[in-house]
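A short write-up of the structure that comes next.
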Amino acid sequence: MDKWMLIDGNSIIYRAFFAMPPLTNSAGLHTNAVYGFTTMLLKLLEEEKPTHVLVAFDAGKVTFRHEGYTEYKGGRQKTPPELSEQFPVLKELLQSFSIAQFELAGYEADDIIGTLTRMADEQGVETIVVSGDKDMLQLASEQVTIALTRKGVSEVDRYDPAEIQEKYGLTPLQIIDLKGLMGDASDNIPGIPGVGEKTALKLLHEFESVEGVLANTNELKGKMKEKVEAHKDDALMSKRLATIYREVPLENQTDELAYGGYDKAALAQSFRKLEFRSLIDRLELPEAGEADGAEAVAAATYEIIRVDSDTDVSSLKAFLAQSESVYIEAYGENPHQSQLLGLAVAAGEQVYVIDCDTLESPVGQPVRDWLADDKAPKYGYDLHKAELALSWHHITFCGTAFDVQLAAYLLDPTETNQTLNFLAAKYGIPAIASDEAVYGRGAKFKVPDFEEVARHLAAKADTVRRLVPLQQGDLEKTDMTKLYYELEQPLSIVLARMEKRGIRVNAQTLEELGSELEHKLVSYMSDIYQHAGMEFNINSPKQLGEVLFERLGLPVIKKTKTGYSTDAEVLEKLEPYHEIVRLILYYRQLSKLQSTYVEGLLKEIRRDTGKVHTYYRQTIAATGRLSSQFPNLQNIPIRLEEGRRIRKAFVPSEPDWLILGADYSQIELRVLAQISGDENLKEAFVHDMDIHTKTAMDVFGVSADAVDANMRRQAKAVNFGIVYGISDFGLSNNLNITRKDAARFIEQYFEAFKGVRAYMDNIVMDARRDGYVTTLLERRRYLPEIKASNFNLRSFAERTAMNTPIQGTAADIIKLAMVRMDEELRKRNLRSRMLLQVHDELVFEVPPDELETMKTLVPEVMESALALDVPLKVDVNYGINWYETK
DNA sequence: GCTCTCACG
DNA sequence: ACGTACGTGAGAGCC
């Protein structure tokens with residue numbers, strides 16, 4: 001006979017965390033919740049002897065319960081970092097146990113368990129549900145027993161329907177009504193104020209359900225009657241929220257729950273990493289080394305050595321010469337102004353640690369020499385940031401040999417968690433503490449005494465050391481070794497140089513623009529108030545919505561989750577109805593310029609240099625593009641003249657020099673021509689045709705001179721759509737035409753560019769077969785949702801499959817050009833400097849005597865960055881500021 | 001901290 | 001029938 005055991009993972013790990021005293025392993029990782037969970041699990045496995053076991057987890061923050069009640073679980077204390085760092089550890093440990101774990105986007109663990117108990121009821125399988133949450137009692141049945149933790153996690157109370165009846169006088173389903181009436185503060189479910197368990201039980205014994213109570217309020221008296229009547233809707237909503245959803249799509253997955261006992265060697269290895277020695281003894285697991293065949297991974301064991309004035313210089317130097325990794329702690333998001341805490345260097349069983357003050361003192365000289373030594377190879381984590389942070393402390397960093405953050409990005413560019421403790425968990429090497437657990441975050445950020453920092457840095461350096469060979473192997477397996485060593489890693493150094501260099505921004509130009517904007521804004525504001533007949537905050541979408549749609553009665557075009565939409569698309573549709581709309585649109589435009597670009601940029605100008613220093617992030621964008629922060633210099637206005645004037649403030653940093661901009665013409669469509677091999681499209685670029693006119697000719701079936709401006713505009717939108725992974729819905733939306741017409745355009749396009757259609761079809765099939773797509777340089781992006789049964793998720797993945805190779809290859813190409821360009825400038829001893837990258841554009845500052853050289857060199861390098869069948873084309877412009885490079 | 005809006009390619 | 005265009009970052013409002 002089968003017996004299922006279904007464990008509410010989130011509930012139990014929370015209980016365990018708060019029930020157990022703090023406990024850490026030697027790398028500083030908190031392990032108390034995992035320990036508590038494990039002891040409970042072992043006990044239950046022993047007592048229940050299940051044939052199938054599952055641990056269910058909540059996935060993500062937003063569930064279907066938030067639809068219609070966004071405050072669900074609002075006001076909840078944030079998970080403490082000491083607990084959140086234990087989630088990946090628990091998940092890995094469960095793998096060692098060979099126990100199945102489910103989590104599903106949009107659903108909570110309860111819903112998964114609720115669905116499985118429904119199946120158990122239908123199939124007559126004996127089941128035990130383990131949780132700390134009383135809500136689970138609603139799932140109890142003939143087949144299903146609920147075990148609720150008591151006093152922490154060491155004891156459980158088991159409930160079947162009879163016991164629930166005995167204790168509460170309710171059926172399992174009435175547990176839902178109980179919560180509907182009394183609410184639940186921890187989930188922010190309101191219930192009826194003033195109704196607690198006692199009152200709720202009394203009401204239910206009399207009227208059976210929430211609905212019953214609400215239908216019979218006439219039988220209630222006084223305050224109680226008032227309260228219930230005033231909160232009818234709350235009670236009904238609370239009941240809905242408390243109802244566990246039992247139809248989660250989990251078809252045919254019950255086989256995956258089969259549990260055949262744990263692998264002793266694997267479990268022993270996990271316990272050793274966590275340093276659960278008592279459990280190793282208790283289960284009589286093999287000691288390290290005696291594991292049969294299984295590779296024995298010891299817990300982190302290394303000696304931490306502080307570098308100080310007593311340190312023997314020659315042994316320090318000898319150690320550095322054979323170092324295996326370095327971890328440099330630059331704390332803070334912006335490396336141009338981060339706090340340098342110190343660094344750790346690891347080799348074998350030893351880790352040297354040095355604090356920032358010592359590093360900058362004479363005692364730190366050997367370490368500084370080593371950091372600056374180009375011939376001393378360094379394996380590290382986010383060395384791009386480290387190099388930048390060190391440079392602001394006048395410490396040179398050279399010799400990057402491998403960067404585990406950069407490698408992690410290439411191996412999975414969509415994974416946003418690139419922290420070392422996460423990578424350690426992912427690769428199954430000794431678990432370490434999270435930064436958040438050591439330093440806190442945001443307002444709670446605090447640097448602990450260096451003793452603790454040193455332990456943490458040592459653990460991180462040791463982790464880097466262990467990760468390197470594993471990631472190198474993975475890069476090899478995924479054909480990205482070359483991409484890594486020949487493109488991304490060299491680029492990271494080029495980027496650091498560009499960032500440190502910065503770009504000069506003329507504050508006076510911005511201030512003048514700012515006061516001009518200020519005058520206009522004041523004037524528009526008063527006109528808007530006149531038309532509205534009242535004063536309000538135009539910047540508040542909420543207040544603006546009330547004025548437009550309630551006070552002035554304009555038609556509602558679109559709604560957002562929280563109210564009326566007032567975005568530009570909506571306002572444009574409202575223009576004919578009221579004069580105020582045009583004014584608001586203009587006000588919005590100017591106020592964006594003022595706050596983000598004038599005021600925002602002014603704040604970023606460094607007093608000492610008069611420059612702004614952006615920070616390019618190389619490990620963010622899923623397609624392989626760079627992103628830019630603090631400030632973002634990749635979204636400086638250009639499309640509208642008003643905003644474009646911001647670019648007048650970007651000037652050369654030396655007198656008489658010039659700004660030179662070079663941008664790829666239609667790089668994405670050229671890349672599409674290349675990877676699709678479409679003859680018609682290739683032909684168009686070989687003849688350097690105006691591609692939107694060419695598209696218009698083919699889509700509308702006319703000659704070049706018959707293409708008018710509107711046809712070209714529509715063709716341009718079709719081209720954009722193609723690059724984005726087209727759909728008739730998207731195109732119709734963009735062009736404000738019917739879906740049918742949009743579909744006709746698309747069909748016409750594919751008739752003319754048959755190779756493009758084949759590419760789109762094939763890439764989606766490839767993605768489905770392989771689970772990923774690649775760029776020309778083998779950059780990879782996984783698309784697990786391409787197989788989703790949910791139409792939306794799947795469609796999104798399909799469009800991504802079409803777009804990523806195009807956008808990603810374009811990113812590959814300009815990155816190659818940047819590395820080449822940097823080399824050329826040095827090789828030729830040119831003084832010209834590369835300053836910015838804006839996806840398809842490079843910006844330089846150039847001394848006048850190098851202008852002619854650069855005007856030919858830059859396009860030459862960019863156009864030949866990657867040899868294709870389709871020519872690449874670069875337009876070059878220059879002037880006294882960025883505005884003039886048009 | 002989340003939502004909305006909007007700037008860029 | 002379903003219901004979105006691809007990739008980013010920043011400021012303001014609001015809870």
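From a predicted model like this one, the values you see are computed outputs, not experimental measurements. Side chains are part of it too, since the values below use all heavy atoms of this structure and drop only hydrogens, waters and symmetry mates.
The nearest whole Å value for the distance from the CG atom in A:Asp567 to the P atom in B:dA7 is 11 Å. Atoms OH (A:Tyr615) and C1' (C:dA10) sit 17 Å apart, rounded to a whole Å. Rounded to whole Å, the distance from CZ on A:Phe549 to P on B:dC4 is 14 Å. In this structure, A:Glu546 atom CD and B:dC4 atom P are separated by 15 Å, rounded to whole Å. Distance, A:His839 NE2 to C:dC6 C1': 12 Å, rounded to whole Å. Note: CG (A:Asn803) to P (C:dT4) measures 18 Å, nearest angstrom. The interatomic distance linking A:Leu593 (CG) with B:dT5 (P) rounds to 18 Å, in whole Å. The distance between atom CD of A:Gln629 and atom C1' of B:dC8, rounded to the nearest whole Å, is 15 Å.
Put simply, the side chain of A:Tyr772 does not reach to within 4.5 Å of the side chain of A:Asp766, judged on heavy atoms. Contact check for A:Leu836 versus A:Leu842: no side-chain heavy atoms found under the 4.5 Å cut-off.
Taking only side-chain nitrogens and oxygens, A:Thr804 never comes nearer than 4.0 Å to OP1 or OP2 of C:dC6. The phosphate of B:dC6 has OP1 or OP2 within less than 4.0 Å of a side-chain N or O from A:Arg588. Side-chain nitrogen and oxygen atoms of A:Ser540 include none within less than 4.0 Å of the OP1 or OP2 phosphate oxygen of C:dA12. At least one side-chain nitrogen or oxygen of A:Thr562 sits closer than 4.0 Å to the OP1 or OP2 atom of B:dC4. The phosphate of B:dC4 has OP1 or OP2 within less than 4.0 Å of a side-chain N or O from A:Thr560. OP1 and OP2 of B:dA7 both lie 4.0 Å or more from every side-chain N or O belonging to A:Thr596. Proximity of A:Arg799 to the phosphate of C:dC6: a side-chain N or O atom is located under 4.0 Å from OP1 or OP2.
Residue A:Gln543 is classed as a sugar-phosphate contact, given heavy-atom separations below 4.0 Å to backbone atoms only. Backbone-only contact: A:Ala568 has heavy atoms under 4.0 Å from sugar-phosphate atoms and none from a base. Residue A:Phe796 is in sugar-phosphate contact alone, with no base atom involved, counting any heavy-atom pair closer than 4.0 Å across all strands shown. Nucleic acid contact class of A:Ser565 (heavy atoms, under 4.0 Å, all strands): sugar-phosphate only. Here A:Ala622 lies in heavy-atom contact (under 4.0 Å) with sugar-phosphate atoms only.
Remark: the separation of the P atoms in C:dG3 and B:dC6 is 25 Å, to the nearest Å. Nucleotides B:dA7 and C:dC2, compared at atom P, are 32 Å apart to the nearest Å.
In this model, no donor atom of one side chain and acceptor atom of the other lie less than 3.5 Å apart for A:Glu415 and A:Tyr409. At a cut-off of 3.5 Å, with distance as the only test, no side-chain donor of A:Gln629 or A:Glu333 sits close to an acceptor on the other residue. A side-chain donor-acceptor contact under 3.5 Å links A:Gln594 and A:Glu518. Using modelled atom types and a 3.5 Å distance limit, the side chains of A:Asn734 and A:Ser732 yield no donor-acceptor pair. Using modelled atom types, one finds a donor on one side chain and an acceptor on the other under 3.5 Å when comparing A:Arg781 with A:Thr804.
Here the options are A:His384, A:His613, A:Lys385, the test is side-chain hydrogen bond (donor to acceptor under 3.5 Å, both in side chains), and the partner is A:Glu499; only A:His384 passes. Here the options are A:Leu601, A:Thr596, A:Val505, the test is side chain to side chain contact (heavy atoms under 4.5 Å, CB included), and the partner is A:Pro631; only A:Leu601 passes.
In the set C:dG11, C:dG9, B:dG9, C:dG9 carries the atom at the smallest distance from any side-chain atom of A:Lys592. Nearest nucleotide to the A:Arg781 side chain, out of C:dA10, B:dT5, C:dG7: C:dG7. Closest approach to the A:Val838 side chain among C:dT8, B:dG9, B:dC6 is made by B:dG9 (side chain taken as heavy atoms from C-beta onward). Considering only the side chain of A:Gln807, C:dG7 comes nearest among C:dG7, B:dC4, C:dG9. Of the candidate nucleotides C:dG11, C:dG7, C:dG3, C:dG7 has the atom lying nearest to any side-chain atom of A:Thr800.
Residues A:Asn537 and A:Asn733 each lie close to DNA chain C; by heavy-atom proximity, the contact nearer the 5' end of the strand is made by A:Asn733.
The side-chain contact (heavy atoms from CB on, under 4.5 Å) test applied to A:Thr416 returns no partner, not counting sequence neighbours.
C:dA1 is unpaired under the Watson-Crick or G-U wobble criterion, no partner having all donor-acceptor distances under 3.5 Å. Under the Watson-Crick and G-U wobble criteria, each requiring two contacts below 3.5 Å, nucleotide C:dG13 is paired to B:dC2.
Heavy-atom distances under 4.0 Å link DNA chain B to A:Gln634, A:Asn635, A:Ile636, A:Pro637, A:Ile638, A:Arg639 of residues 630-643 of chain A, given in residue order. Proximity of residues 714-729 of chain A to DNA chain B (heavy atom under 4.0 angstrom from any strand atom) is restricted to A:Tyr724.
Note that the OH atom of A:Tyr529 and the CE atom of A:Met534 stand 9.5 Å from one another [nearest 0.5 Å]. The line from CG of A:Leu544 to OG of A:Ser565 is 10.0 Å long, rounded to the nearest 0.5 Å.
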